[in-house]
Amino acid sequence: MAHPEIRPVVLAGGSGTRLWPISRSLFPKQFAALAGERSLFEQTLQRLAALGLADPIVVGNEEHRFILAEQLRRSGIEHPVILLEPEGRNTAGAIALAAHAAVAKDPDAKLFVVPSDHWIGNAEELGRGLAAAAAAARAGRMVAFGIEPRSPHTGYGYIRAGSAIAGIEGARSISTFREKPDAATAAAWLAEGGWLWNSGMFFLRARDTLGEIVSAAPEIAMRAGAAFDAAERDGDFVRPEKNSFLTMPSLSFDVAVMEKTSRGAVVPIALDWTDLGDWDAIQSVLPVDSAGNTLVGDVFALDTTNTILRSDGPFVAAIGIDNAVVVATDDAVLVTARNASQDVKEVVARLKREGRPEANIHTSEHRPWGSYRSLALNERFRVKEIV
């Protein structure tokens, strides 16, 4: 069933530092093929197209504009709006800009906000959740999608669902948002029931969203409005006015709006879902051999167990190791214990402090940004190489 009245908002400005060295500043994880032949961004676009939604509003970084344009073209998206942030200002600012862009085209626009770097194994469940979310949004609610938890995961935020909302089947009020818990707290919540993983997906009426941001985060509302009103437009690219944008507070939509609003609602959905936030999460969606290993690229394992081996460059051999992650690109190699993979971002932080070239682009099967010598756009943002 098509839903052309629903406008997707794809948040594509993340950096994915825990997946270094595949994810880099100029080629972050959403643009890489980490779990399939297509990038995570392209997989997101395919899911939205399968739901019959309108062409998306994409919020990304100015530095990634040609990657965005090329992957949108390759996905068959003909009429996107591409909002280019000069720097990341978290999801509250991104959603505020998208709401302005949507209202400019349709005062009654309905937004389905999704991250661009998540993996979903049963996307048909999204369609079932959309119906309940749309009904709640028509009643003036700000709707979050909550994932029914499968384990006491400590890497996700949680939502505690409240009472059922009268007349809206499948939607509940929100009791509270909580940040990532420790292991004991997560286990207690799972045993208690009523807690959901926070998916980072929302269903919102654009004009209601702008009103809530004015009330809950007036500084963001003012700066985002000024940045959008003075934006430069170049075909499908929209560049918010830089000075207003860069003075906007950097807050998540959860913290700036959803934790404060009295109009919050949550729709629980049984998604096979992960945010692919670290290498363990990547392995959870890839094949695993009889020894518990995931092998990607030109690699070889001997007497090795429970290990992720990936090479996008040189041949890599692992012998006699257990519970490790080894990832190689043309210019960097990561070796870490599995239980330390969340700390990979510390490597990136150190490289940046030392002025090291973290942002060098490795080669990949999807021809990343660094492999283009020069780029230009034609009349429909088709990317071509200029020799």
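A quick note: this is a predicted structure, and the numbers were derived from the prediction, not measured.
- Ion pairing between a basic and an acidic side chain is recognised when a charged N comes within 4.0 Å of a carboxylate O; Arg350 and Glu346 show no such pairing.
- Side-chain atoms of Ser151 and Tyr156 form no donor-acceptor pair, as typed in the model, at a separation below 3.5 Å.
- Within a 6.0 Å radius of CD in Glu354, other residues, nucleotides and ligands contribute more than 12 heavy atoms.
- Among residues two or more places apart in sequence or in another chain, the side chain to side chain donor-acceptor pair (under 3.5 Å) test is passed with Asp182 by Thr185.
- Salt-bridge annotation for Glu62 and Arg239: present, with a side-chain N of the basic residue lying under 4.0 Å from a carboxylate O of the acidic one.
- Looking at Arg150 and Glu148, no side-chain N of the basic residue comes within less than 4.0 Å of a carboxylate O on the acidic one, giving no salt bridge.
- Proximity of the aromatic rings of Trp273 and Phe145 is defined here by a centroid distance below 6.0 angstrom, and this criterion is not met.
- Screening residues 91-106 for salt bridge (charged side-chain N to carboxylate O under 4.0 Å, His left out) gives no qualifying pairs among residues at least two apart or on separate chains.
- Within a 6.0 Å sphere centred on CD of Gln46, heavy atoms belonging to other residues, nucleotides or ligands number more than 12.
- Side chain of Thr44 to main chain of Glu42: no donor-acceptor pair is present (N/O by atom type, distance under 3.5 Å, no hydrogens or angles).
- Side-chain contact of Glu212 with Thr209: a donor-acceptor pair under 3.5 Å is absent, judged by distance alone.
- The existence of a salt bridge linking Arg310 and Asp312 is confirmed by a sub-4.0 Å separation between a basic side-chain nitrogen and an acidic carboxylate oxygen.
- One finds a salt bridge joining Glu192 and Arg160 here, because a Lys/Arg side-chain nitrogen approaches an Asp/Glu carboxylate oxygen to under 4.0 Å.
- Cation-pi check for Arg233 over Phe228 is met; the charged atom lies under 6.0 angstrom from the ring centroid and within 45 degrees of its normal.
- Salt bridge status for Asp208 with Arg263: present, with a side-chain N to carboxylate O gap under 4.0 Å.
- Residues satisfying the side chain to side chain donor-acceptor pair (under 3.5 Å) test with Asp275, not counting sequence neighbours, are none.
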